[in-house]
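Throughout, a chain's letter reflects where its sequence line sits, starting with A, and its residues are numbered from 1.
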Amino acid sequence: MKLALNAEQRHAVEYGAGPLLVLAGAGSGKTRVLTARVARLLQEEGERPERILAVTFTNKAAGVMRDRIADLLGEEPRGLWVGTFHSIAARLLRREGDRLQRGANFTIYAEDDSLRAIKRAMEEADLDTQRWSPNLIRARISDAKNALVSADEYAASAFDLAAKATARVYPAYERILARSNAYDFDDLLANAARLLEGVPEVGDRYASRFRHVLVDEYQDTNHAQYRIVKRLAVEHGNICVVGDDDQSIYGWRGADIRNILDFERDFPGAEVVRLEENYRSTPAILEVANEVISNNRDRKDKRLRTRRPAGEPVQVVQLPDERAEASWIVEQIQGAEIGRGPQDHVVLYRTNAQSRPFEDALRRARIAYRIVGGVRFYERREIKDVLAYLQLAVNPADEAAFARAVSWPRRGVGGVTLDRLRRAAAERSVNLLDAAEIARDLDGVPPGGARSLEDFAAGISALSELACEATTEEVIRECIRSFGIVAALELEEDGADRIANVTELLAAASSFDRTDVEDATAEATDLELYLQSAALHADIDDYDDREPGVTLMTLHNAKGLEFPVVYLVGVEEGLFPLARAMESREELEEERRLFYVGVTRAEDRLFVTHANRRWRYGSEVRAEPSSFLAEMPEGPVEHRSLAVGGGRYRGAGTSRARAAGRRAGGGTRAPRESGSFGDPKRASSGGAGWSSGGASFDWHRGGRRQAEPAGEGKLRYDYSDSQEDLRLESGARVVHPRFGDGLILSVSGEGRLTRAEIEFEDGIRRKVMVAHAGLRPA
DNA sequence: TTCCCTCGTATTTTT
DNA sequence: TACGAGGGAA
């Protein structure tokens with residue numbers, strides 16, 4: 001095993017028994033350390049592969065790790081457990097199924113299946129789906145599950161109205177999942193944790209089997225994941241976690257950054273290794289990254305360093321609107337230096353909705369691109385429809401699959417028939433499929449529908465028998481044939497695309513390798529394993545950096561990847577950071593970490609763009625540069641305005657861009673109501689110092705904060721002129737452009753992060769960011 | 001039952 | 001914009 005390692009990396013690889021925390025900064029070679037460590041355990045310590053468990057967050061990361069370990073060893077290690085938390089939890093639940101209320105053929109409900117089940121649960125719990133948002137309830141239940149709070153426990157501590165509503169839905173939802181023999185995503189983790197902790201025989205067996213536990217991206221673990229890891233590792237203590245608190249970006253999904261911050265307390269005697277040498281980016285890029293992230297409070301202090309020569313300055317570019325933003329970037333890609341192809345560039349955005357203009361511009365320029373995310377393959381309607389048939393063949397109890405499959409293609413079974421069938425099934429305590437089989441004998445089921453139901457049930461049972469012996473591909477083929485799927489799609493408007501997707505499903509199924517999921521000897525059928533892996537599939541899993549084309553993806557998907565040229569786009573207040581994240585320090589810090597992740601993807605060049613106007617929900621709103629831009633250091637950054645005023649952008653590329661430039665510059669158009677994102681109605685008093693008439697903004701160095709040397713020499717946005725006579729103290733009266741007159745109750749934070757809690761004339765208390773609210777004295 | 005239209009609301013991010 | 005839900009007609 002020959003691998004070039006620096007001293008810290010080597011220490012992390014060679015450190016012996018006991019807990020080990022590797023704080024690995026972006027681009028510091030953490031995957032290298034992790035894989036080298038596993039290879040060393042196998043090769044030099046003679047550890048057997050089945051005694052090692054390595055956990056990641058995406059299937060892609062697991063695949064990379066597996067491949068690299070194989071490279072180091074020169075052979076594929078058999079028996080090694082490498083996988084995502086979710087897939088490993090699913091494997092555990094499958095193996096130990098006889099101890100649980102669910103059979104090993106359980107269905108995994110993705111988010112929209114889960115949402116449907118929540119809606120049904122709300123009906124069953126007699127809760128108005130108009131009054132309570134099913135999404136909100138689902139999020140609350142998800143949070144509870146990730147925190148390992150059961151329905152009973154939840155009910156016991158539910159005080160506010162929304163919690164009380166949730167407390168009624170939660171048990172009903174659990175009943176639906178149980179009788180459907182299904183788990184949602186969160187259940188996989190929660191039940192794995194309960195199984196390991198609650199059944200000593202099982203917990204002991206796995207804890208002693210896995211003598212070494214390694215966890216990648218530890219900063220993104222939630223409580224359930226933490227408990228799984230802890231149960232497996234606390235006795236032998238051979239746990240190695242790798243992570244970077246600065247790259248924790250999944251707090252919204254229950255990830256708890258404290259898991260990594262408190263590792264040394266959880267596992268006393270832990271060795272800590274810091275990897276701060278970066279092998280990816282230029283000093284200019286790293287300086288920007290270091291400087292911006294230093295504004296976070298919840299972090300372990302560290303600084304990335306590199307030995308690379310300085311490199312080009314980071315460019316911050318202002319453009320009139322998102323189409324100009326896209327055209328300008330396409331021009332950069334076209335005009336890039338020799339030797340640089342489309343595949344060297346990545347466009348990173350905050351939300352998937354931002355991909356459109358880039359797709360359009362790249363298509364116009366005839367540049368190949370690939371897009372990660374958006375509407376996921378396995379979530380396309382026609383794919384979900386086909387999968388519902390297969391799912392039902394595997395798991396006859398699956399109510400969601402039944403409802404979905406029986407409703408399409410149309411066979412004369414609609415809402416009424418389905419409801420009657422449900423009632424009849426409940427009376428007899430059988431599942432929907434069993435009830436359908438004898439539909440004509442059931443009271444209340446219309447005769448026409450009953451006939452169809454019986455045919456349908458017969459078809460599913462034939463499919464089910466086939467699944468025991470045939471390959472997944474054959475089962476899908478037969479499913480499509482016998483239920484007339486393609487025929488039904490042909491009648492649809494965009495049928496051709498959908499048929500193409502179904503064909504792709506066949507291809508995906510035929511290339512599925514069950515050994516990626518489970519030992520070849522496991523009892524599960526190929527179809528069962530395929531369906532479970534499809535449910536746990538992420539778009540990024542298909543990403544292959546050897547394919548040609550510009551990459552478009554969200555910042556979340558970009559974590560762990562690197563590109564020679566990175567375009568960080570839409571860096572505007574309210575979009576990045578998102579408006580709703582600006583209300584709390586924790587969420588704002590998470591947005592900043594996301595920004596940091598974006599910056600540190602870049603090897604050689606980094607472009608950060610923001611637009612003056614942007615379409616949102618079908619109307620155009622004014623946009624202001626993100627406060628993150630003000631946090632960038634001055635030295636390694638170059639600012640350009642290609643909007644209007646100074647150097648207006650006349651997009652050489654397209655007439656559309658030219659038109660956009662003219663519009664912005666000519667002033668022929670009445671200034672739109674300005675204001676924050678997401679609310680075109682919000683009028684602005686022009687408070688925050690971004691000049692409002694559509695002209696380019698003023699960068700100017702402003703008031704350094706004495707208390708904070710880090711502020712020195714930074715660019716700042718000046719909002720003093722509009723607010724100099726604003727009394728920012730409790731008791732003061734102010735006027736908010738949208739909410740009207742208000743009384744300040746309290747003020748917190750400082751500088752741009754100053755927030756005021758204000759009681760407005762409508763009697764509602766709100767917390768507003770002073771720098772952006774446009775407050776005026778009353 | 002199904003189809004079609006209108007209307008309202010939503011976008012973070014993903015296993 | 002764009003999708004889902006709900007209402008009304010065939």
Side-chain angles (χ1 to χ4, degrees), chain A residues 55-62 83-90 108-112 114-116 119 129-130 133-136 139 142 145-146 183-189 217 220-222 224-225 248-255 348-357 372-376 378-379 381 407-420 446 448-449 452 491-493 532-541 553-559 570 574-582 587 590-591 593-595 597-598 614-620 677-679:
Chain A
V55 201
T56 62
F57 273 82
T58 64
N59 298 299
K60 169 160 177 70
T84 65
F85 273 104
H86 287 84
S87 69
I88 282 175
I108 298 170
Y109 277 6
E111 207 152 343
D112 61 331
S114 149
L115 189 64
R116 258 175 254 273
K119 285 177 189 163
T129 49
Q130 297 298 319
S133 143
N135 253 317
L136 174 92
S142 172
K145 287 184 174 181
N146 283 324
Y183 291 116
D184 65 20
F185 280 145
D186 308 314
D187 283 334
L188 294 175
L189 303 176
E217 309 277 17
D220 286 329
T221 49
N222 64 30
Q225 289 161 331
S248 163
I249 56 176
Y250 285 101
W252 51 275
R253 213 169 70 194
L348 301 178
Y349 35 76
R350 180 65 242 265
T351 67
N352 280 307
Q354 289 166 255
S355 70
R356 245 310 165 61
V372 179
V375 188
R376 290 212 282 288
Y378 286 106
E379 272 165 29
R381 199 217 72 206
S407 307
W408 187 87
R410 301 277 173 213
R411 51 171 62 81
V413 176
V416 176
T417 307
L418 193 51
D419 269 352
R420 300 247 169 95
S452 298
L491 298 175
E492 292 184 12
E493 212 175 328
Q532 291 194 0
S533 84
L536 298 176
H537 175 93
D539 253 334
I540 190 67
D541 296 340
M553 64 174 126
T554 62
L555 287 144
H556 282 87
N557 271 319
K559 193 170 65 162
L575 179 62
F576 190 21
L578 279 172
R580 54 183 297 174
M582 291 159 59
E587 287 179 61
E590 181 150 314
E591 296 284 311
R593 290 193 291 268
L594 198 52
F595 187 80
V597 166
R614 190 170 289 275
W615 284 89
R616 263 205 144 180
Y617 301 145
S619 66
E620 200 174 40
F677 264 108
D679 191 351

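Here the nucleotide nearest the side chain of Trp252(A), chosen from dT13(B), dT11(B), dT2(B), is dT13(B). Considering only side-chain atoms of Thr417(A), the nucleotide from dT14(B), dT13(B), dT1(B) that sits closest is dT1(B). Considering only the side chain of Arg410(A), dT2(B) comes nearest among dT2(B), dT14(B), dT13(B).
Phosphate proximity of dT14(B) to Thr554(A): present, with a side-chain N or O under 4.0 Å from OP1 or OP2. Checking the phosphate oxygens (OP1, OP2) of dT12(B), a side-chain nitrogen or oxygen of Arg580(A) falls inside 4.0 Å. Taking only side-chain nitrogens and oxygens, Arg616(A) never comes nearer than 4.0 Å to OP1 or OP2 of dT12(B). Phosphate contact (OP1/OP2 of dT14(B), side-chain N/O of Lys559(A), threshold under 4.0 Å): absent. Between Asn557(A) and the phosphate of dT14(B), there is a side-chain N or O to OP1/OP2 separation shorter than 4.0 Å.
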Enumerate the protein-to-nucleotides 6-10 of chain C contacts in which both atoms are nitrogen or oxygen and the separation is below 3.5 Å.
unit_1, atom_1, unit_2, atom_2, d
dG6(C), OP1, Gln130(A), NE2, 3.0

Contact list (N/O, under 3.5 angstrom) for nucleotides 4-10 of chain B vs protein:
none

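Classified by interplanar angle (parallel below 30°, tilted 30° to 60°, perpendicular above 60°), the ring pair Phe576(A)/Phe595(A) is tilted.
Annotation: the span from Leu115(A) atom CG to Tyr109(A) atom OH amounts to 13.0 Å, rounded to 0.5 Å. Taken from CD in Gln225(A) to CD1 in Ile88(A), the straight-line distance is 11.0 Å, to the nearest 0.5 Å. Rounded to the nearest 0.5 angstrom, His537(A) NE2 and Glu379(A) CD are separated by 10.0 Å. Atom CG of Asn146(A) is separated from atom CG of Asp186(A) by 4.5 Å, given to the nearest 0.5 angstrom.
Note: CG (Asp112(A)) to P (dT11(B)) measures 13 Å, nearest angstrom. Protein atom CG of Asn59(A) is 12 Å distant from nucleotide atom C1' of dT14(B), rounded to whole Å. The CG atom of Leu594(A) sits 11 Å away from the P atom of dT13(B) (whole-angstrom rounding). Between the P atom of dT11(B) and the OH atom of Tyr349(A) lies a distance of 18 Å, rounded to the nearest Å. Distance, Ile540(A) CD1 to dT13(B) C1': 13 Å, rounded to whole Å. Leu189(A) places its CG atom 17 Å from the P atom of dT14(B), with the value rounded to the nearest Å. Between the CG atom of Leu136(A) and the P atom of dT11(B) there is a distance of 12 Å, given to the nearest Å. The CD-P distance, from Glu379(A) to dT13(B), rounds to 12 Å in whole Å.
Residue Phe57(A) is in sugar-phosphate contact alone, with no base atom involved, counting any heavy-atom pair closer than 4.0 Å across all strands shown. At the heavy-atom level, Asp186(A) lies nowhere under 4.0 Å from the strands shown. Residue Lys119(A) is in sugar-phosphate contact alone, with no base atom involved, counting any heavy-atom pair closer than 4.0 Å across all strands shown.
Spacing of P atoms, dG4(C) relative to dT13(B), comes out at 15 Å, to the nearest Å. Across dT12(B) and dA5(C), the matching C1' atoms stand 23 Å from one another, rounded to whole Å.
Shown here are the side chain to side chain contact (heavy atoms under 4.5 Å, CB included) partners of Asn59(A), two or more places apart in sequence or in another chain: Thr84(A), Asp541(A).
The two residues His86(A) and Leu188(A) have their closest heavy-atom pair at O-CD1, 4.0 Å.
Using modelled atom types and a 3.5 Å distance limit, the side chains of Gln354(A) and Thr351(A) yield a donor-acceptor pair.
Remark on DNA chain B: of its neighbouring residues Leu578(A) and Val416(A), the 5'-side contact belongs to Val416(A), judged by nearest-heavy-atom nucleotide. Mapping Gly374(A) and Arg411(A) onto DNA chain B by nearest heavy atom places Arg411(A) at the nucleotide closer to the 5' end.
Applying the 3.5 Å distance criterion, the base of dT12(B) shares a donor-acceptor pair with the side chain of Arg350(A).
Distance alone, capped at 3.5 Å, places no donor-acceptor pair between the Ser452(A) side chain and the Val413(A) backbone.
A cation-pi arrangement is absent between Arg356(A) and Trp615(A), since the terminal nitrogen or guanidinium carbon is not both under 6.0 Å from the aromatic centre and inside a 45° cone about the axis.
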Chi angles and distances behind the salt bridge (Lys or Arg N to Asp or Glu O under 4.0 Å) call for Glu587(A), Arg580(A)
CA-CA 8 Å; Glu587(A) 287 179 61; Arg580(A) 54 183 297 174; 5.4 Å; no
